[in-house]
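So that the names make sense, note that chain A is the first sequence line, chain B the second, and so on, each numbered from 1. Keep in mind that what you see is a predicted model, and the values were worked out from it rather than measured. Only this structure's heavy atoms are used, side chains among them; waters, hydrogens and symmetry mates stay out.
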Number of protein chains: 2
Amino acid sequence: MKVTEIRNKIIEKGLKVTPQRIAILEAIIKLNNHPTAENILDYIRDNHPNIATATVYKVLDALASNKLIKKVKTERDVMRYDAVMESHHHLYCSESDRIEDYKDNELNELLEKYFETKGIPDFQIEDIKLQIIGKFMTNR
Amino acid sequence: MKVTEIRNKIIEKGLKVTPQRIAILEAIIKLNNHPTAENILDYIRDNHPNIATATVYKVLDALASNKLIKKVKTERDVMRYDAVMESHHHLYCSESDRIEDYKDNELNELLEKYFETKGIPDFQIEDIKLQIIGKFMTNR
DNA sequence: TTGTTATATGATAATAATTCTCCTTTGAAA
DNA sequence: TTTCAAAGGAGAATTATTATCATATAACAA
């Protein structure tokens, strides 16, 4: 993803384009491993040695509330961030902090069809996310 | 659930039975709304005015690691606790903090069958939890 | 019942991620 | 270039949770 594309994403949302915002969004996209705020800070400190911690959080909030990134919460209590905005599920390692995206349209259709006919009493479904817990058979 | 039953649950796990543990486990069962540590404290303070906050957390940890309760993590960052130990899913209100259990064996079987045949490359599934986000059509 | 000991509790300090405050800087529209 | 709302920086504050450690108590045995 080129910087121009990232700039455009930010402009499309009516946000001001700042070096910090570009760096942070770029970091989340490049890292592609659901980084924490700290991971992001470490990554961008090379090129932005003066960025403030609070700025990172503020930018992450701004990006998340403008749907440029998603917040991902885990069992342990650090927020993690994801730049993949298509609806998708997550694979959680039961032994480490590793999290991977899991996209499966066949599954989405299956679930959609299932709940369409069955439904849930007194509940209007907006989104379904699977947390698939287990063990990765490969190291990343 | 009678106190004797709660005592037995604790004894079965080889834990010492203390008034604090009974009160906390009882509170989670009675409240039945995935309370936070604070909710639990408020609830039991009537009968246990001197219980320490740290004790509540320690008891919650002890109960969770002995599989008498489950920790439930939400988008906001307070841990919540659940005494329903059968594998089940959760309905999350997109507008409030309400969380309800969702049990559906038909769905579990469907998912099991789906992943049994399809599988996930390089991943060994241990458990699948659905986060179903939407709106409740009733107030509790 | 009493004594013993490992374990649990209570009080309070510490921690760590995140948020707030407030002042300065900057992007972008005119 | 000017203007000014919005964004960033620095560091204090907040808040849920954990750690520490002295005291109390459950469970077991005598």
Side-chain angles (χ1 to χ4, degrees), chain A residues 3-4 6-28 34-42 44-45 47-66 68-69 71-81 97, chain B residues 3-4 6-25 27-28 34-42 44-45 47-66 68-81 97:
Chain A
V3 170
T4 328
I6 291 173
R7 294 182 70 91
N8 287 338
K9 279 172 176 282
I10 297 172
I11 292 168
E12 275 168 29
K13 300 295 180 175
L15 295 174
K16 282 192 189 172
V17 176
T18 67
Q20 293 85 346
R21 286 176 173 178
I22 294 171
I24 290 169
L25 185 46
E26 195 176 18
I28 301 170
H34 308 79
T36 63
E38 210 190 345
N39 296 151
I40 295 166
L41 255 171
D42 289 346
I44 63 184
R45 273 257 162 78
N47 298 314
H48 295 262
N50 298 321
I51 195 166
T53 308
T55 300
V56 174
Y57 283 101
K58 279 184 238 177
V59 169
L60 289 171
D61 267 6
L63 296 178
S65 55
N66 283 281
L68 286 172
I69 61 172
K71 294 187 174 193
V72 180
K73 191 118 215 167
T74 64
E75 286 304 299
R76 329 187 204 251
D77 68 341
V78 224
M79 192 67 78
R80 296 174 66 165
Y81 300 89
D97 285 336
Chain B
V3 171
T4 328
I6 292 174
R7 293 182 70 92
N8 286 337
K9 279 172 177 282
I10 297 172
I11 292 169
E12 274 168 29
K13 300 295 180 176
L15 295 174
K16 279 191 190 174
V17 176
T18 68
Q20 293 85 347
R21 285 176 174 176
I22 294 172
I24 290 168
L25 185 47
I28 301 169
H34 307 80
T36 63
E38 211 190 344
N39 298 150
I40 295 166
L41 255 171
D42 290 347
I44 64 182
R45 274 258 162 78
N47 297 315
H48 294 262
N50 297 321
I51 195 165
T53 307
T55 300
V56 175
Y57 283 101
K58 279 183 237 175
V59 168
L60 289 170
D61 266 6
L63 296 178
S65 56
N66 283 281
L68 286 171
I69 61 172
K70 278 185 184 171
K71 294 187 173 194
V72 180
K73 192 118 212 168
T74 65
E75 286 305 298
R76 328 181 208 255
D77 69 340
V78 225
M79 191 67 78
R80 297 175 66 166
Y81 300 88
D97 286 334

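- Atom CG in B/D97 sits about 12 Å away from atom P in D/dA16, given to the nearest Å.
- One atom, CG of B/L41, and another, C1' of C/dG10, lie 12 Å apart when rounded to the nearest Å.
- What separates CG of B/L60 from P of D/dT18 is a distance of 10 Å, to the nearest Å.
- Between B/R80 and B/H34, the shortest heavy-atom contact is NE-O, 2.6 Å.
- Residues B/K16 and B/N50 each lie close to DNA chain C; by heavy-atom proximity, the contact nearer the 5' end of the strand is made by B/K16.
- In this structure, A/R45 and A/I51 approach most closely via the heavy-atom pair NH2-O, 3.4 Å.
- Distance from the side chain of A/D61 is smallest for C/dT19 among the nucleotides D/dA7, D/dA27, C/dT19.
- Nearest to the side chain of B/V78, among C/dT9, D/dG9, D/dA16, sits D/dA16.
- To the nearest angstrom, P of C/dA29 lies 9 Å from CD1 of A/I11.
- Closest to the side chain of B/K58, out of D/dG9, D/dT20, C/dA8, is D/dT20.
- Of the candidates C/dT9, D/dG9, D/dG11, the closest approach to any side-chain atom of A/A54 belongs to D/dG11.
- A heavy-atom distance below 4.5 Å is found between the side chains of B/K71 and B/D61.
- Note: NE2 (B/H48) to C1' (C/dA11) measures 18 Å, nearest angstrom.
- Residues A/L25 and A/L68 share a closest heavy-atom pair of CD1-O, 4.3 Å.
- The separation between A/R80 atom CZ and C/dA16 atom P is 18 Å, rounded to whole Å.
- With distances taken from any side-chain atom of A/T53 to the nucleotides C/dT18, C/dG10, D/dG8, the minimum falls on C/dT18.
- Atom pair B/Q20:CD and D/dT23:C1' shows a separation of 13 Å (rounding to whole Å applied).
- Looking at heavy-atom distances under 4.0 Å, A/T18 makes contact with sugar-phosphate atoms alone, never a base.
- The distance from atom OH of B/Y57 to atom P of D/dT15 is 13 Å, rounded to the nearest whole Å.
- Counting all heavy atoms, side chain and backbone alike, A/Y81 lies closest to A/A37 at CE1-N, 4.0 Å.
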